[in-house]
Amino acid sequence: MAHITYVEANGQSTTIDLADGWSLMQGATTNGIDGIIGECGGSCACATCHCYVDDMLAGVLPPPSQGELDMLENVVAERRPNSRLACQIKASPALEGGVVTLPECQE
Amino acid sequence: MTAPGIVIVGAGQAGVQAAEALRAGGYESSITLLGDEPHGPYHRPPLSKAWLAGEMDAAQLVMRAPDMLARKGIELRTGVTVQRIDRDAKTLQLADGSALPYTGLVLATGATPRALPLTGGDAAGVLPLRSRADASAIAERMAVCIEQDLPIVVIGGGFIGLEVAATARKKGARVTVLEAAPRLLGRVLAPVLSDWYASLHRGHGVQLMLNAQVAGIEADANGVSGVKLADGSVLPTGLVVVGIGVAANDQLARDAGLECDRGIVVDACGRTSDPAIVAAGDCTARRQADGSLLRLESVQNATEQGKSAAAALLGQDRPFTAPPWFWSDQYDRKLQMAGLSTGADAWAVRGDMAGGSFSVYHFQGDRLLAVDSVNAAKDHLQARKLLDAGVSPTPRQAGDVSFDLGGLLK
């Protein structure tokens, strides 16, 4: 389990208690955080769950797969060194207290 | 008296998208989302993959939690069947006998899997895959087959059938896939990619039979027991998954006198022949600029048409004309398709087919029609841009990995 805070582009911040194994995309879409779309349902196929992870998360997350890196090349908002796809990040206790910032647009 | 508001029939991808787009577009009256399943909106794409494999729980499949919809002022009503649209009275007749008035109506009724038109096609254990309940029924029966070492048979070598086959192999089931045509996914993929997928499945232990003619289904007290082929042979089985296509759910619209042609006919903005009614998703047939009708069954089509249909009810034109895209996950291979390959007469392969990361470019003459990418997301996203811009590389350029296709977009 991990508490993850989502900060939307308008500054609105929401903290969600995510069960282990849930992706950060699932946590956002089921809880009505509009800054993440997740059109493909988490298949790493649409690049509409782009997020920026904080330093703590960047330190503990496994690096992105080649498929995720390829999708990240085509996100609509600015790609930064800490850009990730939320559907590829699975909650675990190591992620406790993590903060992700959402871009202004996903598509 | 306040206006009755907008009613959306169908709580799948298109219906949810339309509801949210109406709110995002500033619509302030009531929005009612009617679903005929017992549960609220969920993601369908994982049903043939992670859900069937038992790697996902019901909560993870949820697309929007019902209280989140409520927070947006979207009233979700599940287990509701609409019987009739009374267009003159702008009212829906529901199966429970009640009536529901509307100011604007969104039809997002989806599609229904085609049933096997054969004797025994309705036996227990002969199952389609469309809904969560379908997928759960398949998973349950599949588990029994694995336990008893009974093979499962997939009828139809399309995306649903092949995804089920891949998941079943992953779970350790013995799998036979029967395809009536000489190659897999023949209407969509280039021959070279059909052959590649045949090898992929055979390499994973699937018994693949092309040109297979199914003559009937045999059943006993436990349900399906065998699939009989035209040559008289019988494949013993405990589960038959039928993936032979879907038909648009356009009955409500047809009964109401809306123009339908294997789907509810809509324009690029999702409008039907009634100004108060729009439609979106798998249930539609979209009139294109050249007058032909295009039927698509995909997440992208549902979300884009959902947004267009919502805009149309708000009096805005939001045509959906972007190139279609689709994907299919089988084993550790992700196929991403952009464009429509119908009419292709030449193909170029870019990348390493043997290594499992490559793209097939479909051409009609010199014009790029579509690109199918396997584990090559970069090619796929670039293809969508090329197709959207109407920019065609030559087949020679497409096949040359040292040629920068992105350069054509600058």
Side-chain angles (χ1 to χ4, degrees), chain A residues 1 6 8-10 12 14 16-50 64-77 79 83-91 104-107, chain B residues 13 16-17 20 23-24 40-47 49-51 55-57 59-72 74 163 298-300 302-304 306-307 322 325-329 332-337 357 373 375-385 406:
Chain A
M1 209 146 80
Y6 299 78
E8 296 187 57
N10 63 8
Q12 189 178 327
T14 313
I16 293 168
D17 192 2
L18 274 183
D20 286 352
W22 276 58
S23 76
L24 267 55
M25 183 280 290
Q26 288 169 328
T29 56
T30 56
N31 287 288
I33 293 168
D34 289 333
I36 281 184
I37 299 174
E39 195 166 288
C40 73
S43 297
C44 198
C46 69
T48 62
C49 63
H50 180 199
S65 66
Q66 189 58 48
E68 184 182 346
L69 287 171
D70 287 350
M71 296 304 285
L72 282 168
E73 277 201 18
N74 284 273
V75 291
V76 176
R79 183 183 177 187
S83 283
R84 295 295 302 257
L85 294 182
C87 73
Q88 300 300 301
I89 304 176
K90 301 278 189 280
E104 252 170 56
C105 52
Q106 294 282 4
E107 55 180 2
Chain B
Q13 192 91 38
V16 169
Q17 196 68 58
E20 292 183 338
R23 279 290 176 250
Y42 58 91
H43 292 288
R44 278 187 211 281
L47 291 178
K49 304 170 268 256
W51 174 262
E55 294 163 358
M56 226 176 158
D57 61 36
Q60 287 175 290
L61 204 60
V62 169
M63 190 191 303
R64 297 290 183 273
D67 57 322
M68 288 308 140
L69 291 172
R71 213 175 59 186
K72 290 183 179 174
I74 297 164
E163 288 181 359
S298 71
V299 169
Q300 178 217 18
T303 50
E304 291 298 327
K307 289 177 199 172
W325 60 271
F326 318 85
W327 82 93
S328 174
D329 294 328
D332 56 350
R333 295 285 178 259
K334 180 184 292 295
L335 171 66
Q336 292 171 289
M337 295 158 279
S357 170
S373 305
N375 283 17
K378 243 190 269 190
D379 287 353
H380 168 71
L381 292 159
Q382 186 181 63
R384 277 158 62 179
K385 289 179 188 164

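Proteins get letters first, then strands, A, B, ... in listed order; numbering begins at 1 in each.
Using a 4.0 Å cut-off between a side-chain N of Lys or Arg and a carboxylate O of Asp or Glu, B:Arg23 and A:Asp34 do not qualify as a salt bridge.
When side chains are defined from C-beta on, A:Cys46 does not count as touching B:Trp327, because their heavy atoms never get closer than 4.5 Å. In this structure, the side chains of B:Met68 and A:Thr30 stay at 4.5 Å or more apart for every pair of heavy atoms. Side-chain atoms of B:Met63 and A:Gln26, non-hydrogen and from C-beta on, never get closer than 4.5 Å to each other.
For the set B:Gln382, B:Gln60, B:Gln13, the count of heavy-atom pairs under 4.5 angstrom toward chain A peaks at B:Gln60. Annotation: maximal heavy-atom pairing with chain A below 4.5 Å, among B:Arg64, B:Lys334, B:Lys49, B:Gln336, occurs at B:Lys334. The most heavy-atom pairs under 4.5 Å with chain A, out of B:Val62, B:Leu61, B:Thr303, come from B:Thr303. The candidate from B:Lys378, B:Lys385, B:His43, B:Arg384 with the greatest count of non-hydrogen atom pairs under 4.5 Å with chain A is B:Lys378. Among the candidates A:Gly27, A:Ala47, A:Gly32, A:Gly21, the residue making the largest number of heavy-atom pairs closer than 4.5 Å to chain B is A:Gly32.
Nearest heavy atoms, A:Gly67 versus B:Ala377: O-CB, 4.3 Å.
The environment of CD in A:Glu104 is sparse: at most 12 heavy-atom neighbours from other residues, nucleotides or ligands sit within 6.0 Å.
Using a 4.5 Å cut-off between heavy atoms, B:Asp57 contacts chain A through its side chain alone, with no backbone atom that close. Contact of B:Asn375 with chain A is not made at all, since no heavy-atom distance falls under 4.5 Å. Proximity to chain A (any heavy atom under 4.5 Å) is shown, for B:Ala59, by both the backbone and the side chain. In this structure, chain B has heavy atoms under 4.5 Å from both the backbone and the side chain of A:Glu39. Looking at B:Arg71, only its side chain comes within 4.5 Å of chain A, counting heavy atoms on both sides.
If you take CG on B:Leu381 and CE on A:Met71, they are separated by 4.5 Å, rounding to the nearest 0.5 Å. One distance of note links OG of B:Ser357 with CG of A:Asp70; it measures 8.0 Å at 0.5 Å rounding.
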